[in-house]
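By convention here, the first residue in the shown sequence is residue 1. Just follow the structure's listing: the first ligand is 1, and inside any ligand the first atom is 1.
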Amino acid sequence: MERTFVMVKPEGVQRGLIGEVLRRIEQKGLRITRLAMGRIEPAVAAEHYAHLKDKPFFGELVEYITSGPVAMAVVEGPNAVRHVRNLIGATNPLEAAPGTIRGDFAVELPYNIVHASDSPETAEIEIKRFFGAE
Ligand code: TYD
C-alpha cells in the first residue's frame with residue numbers, strides 16, 4: 001500500500017472541480033483517507049515549490065497557489081503515486097492527453113487544476129507539510 005498527496009489548486013476550487021477530481025480518484029479504485037480545505041501560506045508555498053525557485057515564473061507560481069482556498073487529500077492504494085500522476089496528466093495542459101484531468105479541464109500553465117506528489121518519498125514530505133504529524 002502506498003500514499004500520495006493531492007491538492008485541488010485555487011482555480012480548480014473556484015471552478016467547482018473538487019468533486020470531479022475526487023470522483024476520478026475514487027472511480028479508479030483508490031481510497032481517500034484524509035481531506036481538508038485550507039489556504040496555503042506564502043512561506044509554505046515557497047517550500048513546496050523550492051525545486052523551481054530559480055525559474056522566472058516562481059513568484060507568479062507562489063502568488064497563484066496562495067490566491068484562494070485549496071482542497072487537500074491523502075490518497076491510498078497500490079502504486080497510488082503513479083496512478084494519480086497518470087490520472088492528472090502532463091504538467092503542461094498543452095501536453096496533457098484528453099481523458100486526464102489536466103487534459104480535460106486546463107488550457108495553459110500555471111493553471112493546471114491539480115497537484116499530486118511525484119514519488120512516495122515526496123508524498124510523505126508533502127503529507128507532513130500540509131496535514132502535519134499523524
Ligand atoms: P512541476 O513540479 O515541474 O510539475 P508538476 O506540478 O506536474 O509536478 O511544476 C510545479 C507547477 O509549476 C506546475 O504544476 C505548474 C507550474 N509551472 C509553470 O507555471 N510553468 C512551467 O514551465 C513549469 C515547469 C511549471
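- Between the side chain of Arg3 and the backbone N or O of Glu124, no donor-acceptor pair lies under 3.5 Å.
- The protein non-hydrogen atom at the shortest distance from atom 18 (C) of ligand 1 is Phe57 CE1, 3.5 Å.
- Ligand 1 does not have Lys55 within reach: every non-hydrogen atom of the residue lies 4.0 Å or more from it.
- Ring pair Phe5/His115 is tilted by interplanar angle, where 30° to 60° counts as tilted.
- Atoms of ligand 1 found under 4.0 Å from any heavy atom of Tyr49 (numbered from 1 in listed order, with element): 10 (C), 11 (C).
- Linking Ile, Leu, Val, Met, Phe, Trp and Tyr residues whenever their side-chain heavy atoms come within less than 4.5 Å places Ile25 and Leu17 in a single cluster.
- Judged by the shortest distance from any of its heavy atoms, Tyr64 lies outside the 4.0 Å radius around the atoms of ligand 1.
- Contact annotation for His51 and ligand 1: only side-chain heavy atoms (C-beta onward) come within less than 4.0 Å of the ligand.
- Heavy atoms of Leu61 found under 4.0 angstrom from ligand 1 belong exclusively to the side chain.
- Listed by number with element, the atoms of ligand 1 under 4.0 Å from a non-hydrogen atom of Arg85 are 5 (P), 7 (O), 8 (O).
- Linking Ile, Leu, Val, Met, Phe, Trp and Tyr residues whenever their side-chain heavy atoms come within less than 4.5 Å places Tyr64 and Phe57 in a single cluster.
- Proximity of Lys9 to ligand 1 is established by a heavy-atom distance of less than 4.0 Å.
- Between Lys28 and Leu87, the shortest heavy-atom contact is CB-CD1, 4.0 Å.
- Within the 4.0 Å heavy-atom cutoff, Asn112 counts among the residues contacting ligand 1.
- Counting only distance, with no hydrogens or angles, the side chain of Asn112 and the backbone of Pro93 share no donor-acceptor pair below 3.5 Å.
- A donor-acceptor pair is defined here as one N or O able to donate and one able to accept, closer than 3.5 Å; such a pair exists between the side chain of Glu11 and the backbone of Ile113.
- Atoms of ligand 1 found under 4.0 Å from any heavy atom of Leu52 (numbered from 1 in listed order, with element): 9 (O), 10 (C), 12 (O).
- Taking a cut-off of under 4.0 Å to the non-hydrogen atoms of Pro110, the atoms of ligand 1 that pass are 19 (O).
- Residue contacts with ligand 1 for Glu108 are absent, since no atom lies close enough (heavy atoms, distance under 4.0 Å).
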